[in-house]
Amino acid sequence: MVDLTMARLQEFMIVIYALGLVFYLIDYFKKQKVLQQIAFWLIVTVWVTQSAILLLYIIEMNRFPVLSLVEGIYFYVWLLVTLSIVFQLIYKVNFMVFFTNIIGFTFLMIHVFSNLKYSESTVGESLISEVLFIHITTAILSYAVFALAFVFAILYLIVYKVLKKKKWSKQFSSLPNLHQTMMGMKMSIYTGIPILFVSLLFGVQWAYVALADWSIWDVKIMGSFAVLLVYTGVIYFHHKGKLQSMEFAWMTVLAFLFTVVNFFLGSTLSQFHLWI
């Protein structure tokens with residue numbers, strides 16, 4: 001009964017999510033406040049539905065569902081939708097909300113239509129601990145923050161191109177300026193780096209205590225540290241003036257794409273890291 005309820009809620013959520021994105025797209029052309037409000041409340045409805053599904057999974061599994069790849073993807077989408085709503089309420093940046101939810105909708109489609117299914121965690125019950133949950137949730141949170149940096153980078157490139165070609169029109173009236181997008185990139189990366197670092201520390205601590213046989217050279221572990229180094233390098237070289245604004249934006253885009261590859265491929269190739 002619970003599975004059927006969750007399936008119906010997911011179907012409803014996908015339809016509403018798609019409609020929300022469509023209304024944001026229409027608002028881009030029409031610039032009518034009512035369209036923007038409809039789009040926003042549709043996204044809020046998606047968040048409420050997602051939260052209900054998340055609660056049902058918690059009740060069914062008697063734990064917070066983040067211990068497998070499919071669970072992690074769903075939690076990641078929930079975080080993106082949550083952050084997009086916060087940005088809409090505080091900063092009222094429609095393009096930010098739209099692009100963030102494009103990422104969220106893409107991951108939701110992967111979650112729903114891929115062969116990934118909910119199942120018993122690959123982590124034995126005896127190995128599940130608070131340290132593991134902190135490791136996984138902070139890792140996913142850092143990926144969500146890096147997604148925001150990616151969106152700000154895309155917005156920076158769009159604004160730069162529009163200004164350079166002098167084609168500013170009412171369609172772009174809700175775009176943030178170059179300074180805002182640049183600060184958004186920086187603050188997102190500055191936030192994501194320590195969160196990911198904390199996640200990796202907890203992950204290594206958990207592996208050292210809970211696992212008898214593991215290697216620091218595991219593909220997933222190395223990939224996660226590589227993500228940390230890439231973002232740290234991007235910030236460092238930009239601070240030193242070796243990455244100008246456009247280069248910084250493009251490197252932020254590439255860094256996020258690398259993060260996504262590590263998110264999926266790293267878990268697939270890992271010898272023991274079969275969840276997130």
Can you tell if the side chain of Ile158 reaches within under 4.5 Å of the side chain of Val162, non-hydrogen atoms only? yes
Locate the shortest heavy-atom distance separating Ser51 from Trp78; write the atom from each residue and the value. OG-NE1, 3.0 Å
Contacts of type side chain to side chain contact (heavy atoms under 4.5 Å, CB included), residue Thr49, not counting sequence neighbours: Leu9, Phe12, Met13, Thr45, Ile53
Leu21 vs Leu25 side-chain heavy atoms within contact, under 4.5 Å: no
The reported gap from OG1 in Thr100 to CD1 in Ile43 (rounded to nearest 0.5 angstrom) is 10.5 Å
Is the backbone N or O of Gln50 less than 3.5 Å from a side-chain atom of Tyr74, with the two atoms forming a donor-acceptor pair by type? yes
Please examine the side chains of Phe237 and Met251, heavy atoms only from C-beta on, and report whether any two atoms are closer than 4.5 Å. no
Tyr17 and Val81, any side-chain heavy atoms less than 4.5 Å apart: yes
Short question: side chain of Thr138, backbone of His135 - any donor-acceptor pair under 3.5 Å? yes
Set of residues satisfying side chain to side chain contact (heavy atoms under 4.5 Å, CB included) with respect to Ala39, sequence neighbours excluded: Phe23, Tyr24
Pairwise distance CG(Leu196) to OG1(Thr232) - rounded to 0.5 angstrom: 8.5 Å
Residue pair His238 / Lys186, side-chain heavy-atom distance below 4.5 Å: yes
Sorted by chain and residue number, the salt bridge (Lys or Arg N to Asp or Glu O under 4.0 Å) partners of Glu247 (sequence neighbours excluded) come out as none
Residues Pro65 and Met61: closest non-hydrogen pair is CB-SD, 4.0 Å
Please step through side chain to side chain contact (heavy atoms under 4.5 Å, CB included) for the pair Phe146 and Thr252, ending with a clear verdict. CA-CA 9 Å; Phe146 289 144; Thr252 301; over 6 Å; no
Taking Ser199 for its side chain and Ile195 for its backbone only, find out whether a donor-acceptor pair lies under 3.5 Å. no
Under a 4.5 Å cut-off applied to non-hydrogen side-chain atoms, are Met187 and Met182 in contact? no
Listed partners of Thr106 passing side chain to side chain donor-acceptor pair (under 3.5 Å), at least two apart: none
What residues join Ile59 in its hydrophobic cluster, counting side-chain heavy atom gaps under 4.5 Å, either direct or through other members? Leu55
Phe87: what forms a ring pair (Phe, Tyr, Trp, His ring centres under 6.0 Å) with it, not counting sequence neighbours? Tyr91, Phe152
For Trp41, the side chain to side chain donor-acceptor pair (under 3.5 Å) test, sequence neighbours excluded, returns none
Heavy atoms only: give me the nearest Ser224-Tyr143 pair and the separation to one decimal. OG-OH, 4.0 Å
Does Ile235 have any side chain to side chain contact (heavy atoms under 4.5 Å, CB included) partners at least two apart in sequence or in another chain, and if so, which? Ile189, Tyr190, Ile193, Phe248
Ignoring hydrogens, what is the shortest heavy-atom contact between Pro176 and Val159? Give both atom names and the distance. O-CG2, 3.3 Å
Same apolar cluster (I L V M F W Y, side chains within < 4.5 Å links), Val198/Leu229: no
Once you round to the nearest 0.5 Å, how far does CD of Gln36 lie from CG of Asn94? 4.0 Å
Between Phe263 and Leu69, is the side chain to side chain contact (heavy atoms under 4.5 Å, CB included) condition met? List the steps. CA-CA 9 Å; Phe263 190 94; Leu69 183 58; 3.9 Å; yes
Heavy-atom pair of closest approach, residues Ala255 and Val230: CB-CG1, 3.7 Å
Ring pair (Phe, Tyr, Trp, His ring centres under 6.0 Å) partners of Phe64, counting only residues at least two apart: Phe75
Centroid-centroid distance, Phe98 to Tyr28, less than 6.0 Å: no
CD on Glu71 to CG on Leu54, rounded to 0.5 Å: 10.0 Å
Do the side chain of Asn177 and the main chain of Gln180 share a donor and acceptor less than 3.5 angstrom apart? yes
Kindly determine whether Val151 and Phe95 satisfy side chain to side chain contact (heavy atoms under 4.5 Å, CB included), including the steps that lead there. CA-CA 9 Å; Val151 171; Phe95 276 90; over 6 Å; no
Can you confirm whether Leu148 sits close enough to Phe99 that some side-chain heavy atom of one is under 4.5 Å from a side-chain heavy atom of the other? no
Counting C-beta onward and ignoring hydrogens, is there a side-chain heavy-atom pair between Phe40 and Val97 closer than 4.5 Å? no
Can you list everything that forms a side chain to side chain donor-acceptor pair (under 3.5 Å) with Asp27? Sequence neighbours excluded, please. none
Tell me every residue that passes side chain to side chain contact (heavy atoms under 4.5 Å, CB included) with Ala147, counting only those two or more places apart in sequence or in another chain. Tyr76, Leu80, Ile103, Phe256
Rounded to the nearest 0.5 Å, how far apart are CE of Met183 and OG of Ser188? 10.0 Å
Count the heavy atoms of every other residue, nucleotide or ligand shown that sit under 6.0 Å from CZ of Phe197, and state whether that count exceeds 12. no
Walk me through it: do Tyr236 and Lys242 pass the test side chain to side chain contact (heavy atoms under 4.5 Å, CB included)? CA-CA 9 Å; Tyr236 174 79; Lys242 295 182 179 181; 5.8 Å; no
From Leu228 CG over to Asn262 CG, what is the distance, rounded to the nearest 0.5 angstrom? 11.0 Å
How would you list, by chain and number, every residue that makes a ring pair (Phe, Tyr, Trp, His ring centres under 6.0 Å) with Tyr156, sequence neighbours excluded? none
